[in-house]
Peer 1: 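Got a structure for you, questions after.
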2 protein chains.
Amino acid sequence: MSEKNNNEIESLTPENYHNWFTLYHLCQLLGNRRTIEITSKELGRLMKISQQTASRRINDLVDLNWIKRKKIGKIQKIVITEKGANLMLSTYKNLRKLLESIFIVGEVTEGMKEGGYYVAIKGYYDQFVEKLGFKPYKGTLNLKLNDMDKEILSEKMKTINPVVIEGFKDQSREYGPVLCYDVIISPFHDRKDEVKAAILDIERTHHEKNIIEILAEPYLRDRFKLKNGDKVILTLNNPGELSKNY
Amino acid sequence: MSEKNNNEIESLTPENYHNWFTLYHLCQLLGNRRTIEITSKELGRLMKISQQTASRRINDLVDLNWIKRKKIGKIQKIVITEKGANLMLSTYKNLRKLLESIFIVGEVTEGMKEGGYYVAIKGYYDQFVEKLGFKPYKGTLNLKLNDMDKEILSEKMKTINPVVIEGFKDQSREYGPVLCYDVIISPFHDRKDEVKAAILDIERTHHEKNIIEILAEPYLRDRFKLKNGDKVILTLNNPGELSKNY
DNA sequence: ATTACTAAGAAGCGAGTAG
DNA sequence: TCTACTCGCTTCTTAGTAA
């Protein structure tokens, strides 16, 4: 970790911002190949800079040992060096960490069965279907949140009108009311794959701090191919002051 | 995909490179918080630019609507906007795709059992232990490679001296020789977590094109918490001309 | 065709300083 | 203290053009 991140810290001074982006653009040209054939004119057009500057950029990257170049006649072939690859990798990793700070991220944890028991109870289930607008899978996905995410989520939930699932009574016992909060859930790696869901706020299942339960129509572990420890992004769809800002 | 990437393409012109990096630096300051308190002087020191330039950068980000800022007396509080967050996210996603072009990436697929049968045969197993230097798990991890990765890997393997596991005969049948290639395997998301492994080149298990079998001491699916479809990075440790370049 | 040098012009930086 | 303005100076960019 440290050595390769130091690499990034050293490399990413203001004078190297163009160089980083040049490498980024070059990498995008890789596609399935390992070597890039590009003229400085083309690179210039791609990066919206002049041919001359593009040429200079390529030279700079060679000097930095981020790429290697072979000139075969008029054509130059470029390969990314280990150093260049590691620079991209460390930026990738930093971005990953940093995105977890920006979004509300939950970590999938064990415990689908207990919550499911309550969901399946007819007195609740019919109300879920009617009031949430979907037929929930008879089990909940448990998510572990970090302290700050939990706090922010609670804060947001206060500003949102919950869907109220009313309590009821049968022969054996009394069932308390349940609050639901509309939410969009998506896997961390494909935020575009969104599923309408609800956060369950069941009084009696405050089993563990920072664990929330999610209700959705599909079995989310299959739908998103989740395993324990995988991360998902939660987005409250009631647009309050806060949600606009993230 | 398209709309948010267009967002990135529009935003990431040369004039915005500093702005992108400014946002990147600001995000790093988030930690567990949702709001950043920083003076322009501090940001300047962090980014190795003057206080004046840092101040200008913050203003630029506000103009771009990548951040929002509230000034409370002398202190300015910064939050990342949806637009800013999506910019970081789309860069993250692009980097992810692009890193798959740079490294040799295999996708975990079903099929651990068949290969394992051969590994466990005593005539082979004892040689594995002796010649590979580890006691392999009695099963193989099957990886699917894309065409280009497979081609590059084959090319690299030609330049490397394989570990030769000799064939033998027992009462019932004859077993052919097996070639192994030393390799380092690591999960895509933590390239630092490396495990010494070997690619098995068994004549008779050329079951499917672009599928390779990996032998390692631990049960890799547990060791790396892999499920089907997960990606791993392979690094041939015999440093030839090619491996130096990636 | 290419890449890349030179020189003029544009853009950006930070010191000084005001609010 | 802060942020952010002006302005001189430096650095970077591009057009022209050589190789």
Side-chain angles (χ1 to χ4, degrees), chain A residues 9-27 29 33 35-81 84 245, chain B residues 9-27 29-30 33 35-81 84:
Chain A
I9 289 163
E10 278 169 35
S11 305
L12 292 187
T13 51
E15 312 84 59
N16 269 331
Y17 291 169
H18 333 273
N19 292 329
W20 187 93
F21 272 102
T22 307
L23 186 60
Y24 180 68
H25 276 105
L26 283 174
C27 289
L29 294 169
R33 276 159 264 103
T35 155
I36 305 153
E37 277 181 38
I38 196 172
T39 65
S40 54
K41 193 180 177 182
E42 284 171 318
L43 181 64
R45 202 167 45 78
L46 184 74
M47 296 187 65
K48 305 187 182 179
I49 53 179
S50 67
Q51 170 271 317
Q52 292 87 339
T53 301
S55 171
R56 205 149 23 82
R57 290 284 157 76
I58 292 172
N59 280 320
D60 289 345
L61 293 197
V62 172
D63 290 346
L64 283 163
N65 194 28
W66 292 0
I67 63 170
K68 272 187 182 156
R69 170 179 46 175
K70 272 182 200 158
K71 282 187 209 170
I72 302 165
K74 312 225 167 202
I75 293 156
Q76 57 188 351
K77 292 199 175 196
I78 291 169
V79 290
I80 317 294
T81 61
N245 285 341
Chain B
I9 289 164
E10 279 167 36
S11 306
L12 292 187
T13 50
E15 311 84 60
N16 268 331
Y17 290 169
H18 339 271
N19 292 329
W20 187 92
F21 272 102
T22 306
L23 186 59
Y24 180 68
H25 276 104
L26 282 175
C27 288
L29 294 169
L30 272 170
R33 275 157 265 104
T35 156
I36 306 153
E37 275 182 41
I38 195 171
T39 66
S40 53
K41 192 177 178 184
E42 284 170 320
L43 182 63
R45 203 167 45 78
L46 185 72
M47 297 187 66
K48 304 187 183 181
I49 53 179
S50 67
Q51 170 271 317
Q52 293 86 338
T53 301
S55 170
R56 218 180 353 211
R57 292 282 157 77
I58 291 172
N59 280 321
D60 290 346
L61 293 197
V62 172
D63 291 345
L64 284 164
N65 194 28
W66 293 359
I67 63 170
K68 273 188 180 156
R69 170 181 43 175
K70 272 182 200 158
K71 283 189 209 166
I72 301 165
K74 314 227 167 198
I75 293 157
Q76 57 189 352
K77 292 198 173 194
I78 291 168
V79 291
I80 316 294
T81 62

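Naming convention: chains lettered A, B, ... in sequence-line order (proteins, then strands); numbering from 1 in each chain.
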Peer 1: Nearest whole Å is fine: how far is D:dT13 P from A:Lys48 NZ?
Peer 2: 16 Å

Peer 1: For B:Ile49 and D:dA4, give me the distance from atom CD1 to atom C1', rounded to whole Å.
Peer 2: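 Nearest whole value for this atom pair: 14 Å.
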
Peer 1: Between P on C:dA10 and CD on B:Glu15, what's the gap in Å once rounded to a whole number?
Peer 2: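 The answer, rounded to whole Å, is 16 Å.
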
Peer 1: Out of the candidates B:Thr81, B:Asn59, B:Asn16, only one should pair with B:Leu64 under the side chain to side chain contact (heavy atoms under 4.5 Å, CB included) rule; please name it.
Peer 2: B:Asn16

Peer 1: To the nearest angstrom, how far is A:Lys41 atom NZ from C:dT3 atom P?
Peer 2: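 The answer, rounded to whole Å, is 10 Å.
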
Peer 1: For B:Gln76, which contact category applies under a 4.0 Å heavy-atom criterion: base, sugar-phosphate, or nothing?
Peer 2: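 Sugar-phosphate, no base atom in range.
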
Peer 1: For A:Ile75 and A:Gln52, take the nucleotide of DNA chain C holding the closest heavy atom to each; which residue's nucleotide lies nearer the 5' end?
Peer 2: A:Ile75

Peer 1: Examine distances only and state if a side-chain atom of A:Thr35 and a backbone atom of A:Lys77 form a donor-acceptor pair shorter than 3.5 Å.
Peer 2: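 Pair absent, no side-chain N/O of A:Thr35 close to backbone of A:Lys77.
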
Peer 1: OP1 or OP2 of D:dA4 versus the side-chain N and O atoms of B:Lys71: is any pair under 4.0 Å?
Peer 2: yes

Peer 1: Tell me whether the OP1 or OP2 atom of D:dT13 has a side-chain N or O from A:Arg56 closer than 4.0 Å.
Peer 2: yes

Peer 1: Identify which nucleotide among D:dT13, C:dT3, D:dA4 has an atom closest to any side-chain atom of A:Ser40, counting heavy atoms from C-beta outward.
Peer 2: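 Of the candidates, C:dT3 comes closest.
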
Peer 1: I'd like to check B:Ile67 versus B:Thr22 (side-chain heavy atoms, cut-off strictly below 4.5 Å). Are they in contact?
Peer 2: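 The answer is no; the side chains never approach within 4.5 Å.
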
Peer 1: Have a look at A:Thr39 and say if it touches a base, only the backbone sugar-phosphate, or nothing, with a 4.0 Å heavy-atom cut-off.
Peer 2: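 Contact class for A:Thr39: sugar-phosphate only.
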
Peer 1: Tell me the interatomic distance from A:Lys77, atom NZ, to C:dT2, atom P, rounded to whole angstroms.
Peer 2: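 Checked: the NZ to P distance equals 16 Å.
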
Peer 1: Report yes if some heavy atom in the side chain of A:Thr53 is under 4.5 Å from a heavy atom in the side chain of A:Arg57; otherwise report no.
Peer 2: yes

Peer 1: When you check the phosphate oxygens OP1 and OP2 of D:dT13, does a side-chain N or O of A:Arg57 lie under 4.0 Å from one of them?
Peer 2: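 Checking A:Arg57 against D:dT13: at least one side-chain N or O falls below 4.0 Å of OP1 or OP2.
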
Peer 1: Taking CD1 from B:Ile38 and P from D:dA4, how many angstroms apart are they, rounded to a whole number?
Peer 2: 14 Å

Peer 1: B:Asn59 side chain N/O closer than 4.0 Å to the phosphate oxygens (OP1, OP2) of D:dT3?
Peer 2: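 No.
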
Peer 1: OP1, OP2 of D:dT3 versus side-chain N and O of B:Ser55: anything below 4.0 Å?
Peer 2: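 For B:Ser55, the contact criterion (side-chain N or O under 4.0 Å from OP1 or OP2 of D:dT3) is not met.
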
Peer 1: Quickly, which of A:Tyr17, A:Phe21, A:Tyr24 forms a ring pair (Phe, Tyr, Trp, His ring centres under 6.0 Å) with B:Tyr17? Name it, please.
Peer 2: A:Phe21

Peer 1: Using whole Å, report how far CZ of A:Phe21 lies from P of D:dC12.
Peer 2: 17 Å

Peer 1: Round to a whole Å and report the spacing from CZ of B:Arg69 to P of D:dC2.
Peer 2: 15 Å

Peer 1: OP1 or OP2 of D:dT14 sitting under 4.0 Å from any side-chain N/O of A:Thr53?
Peer 2: yes

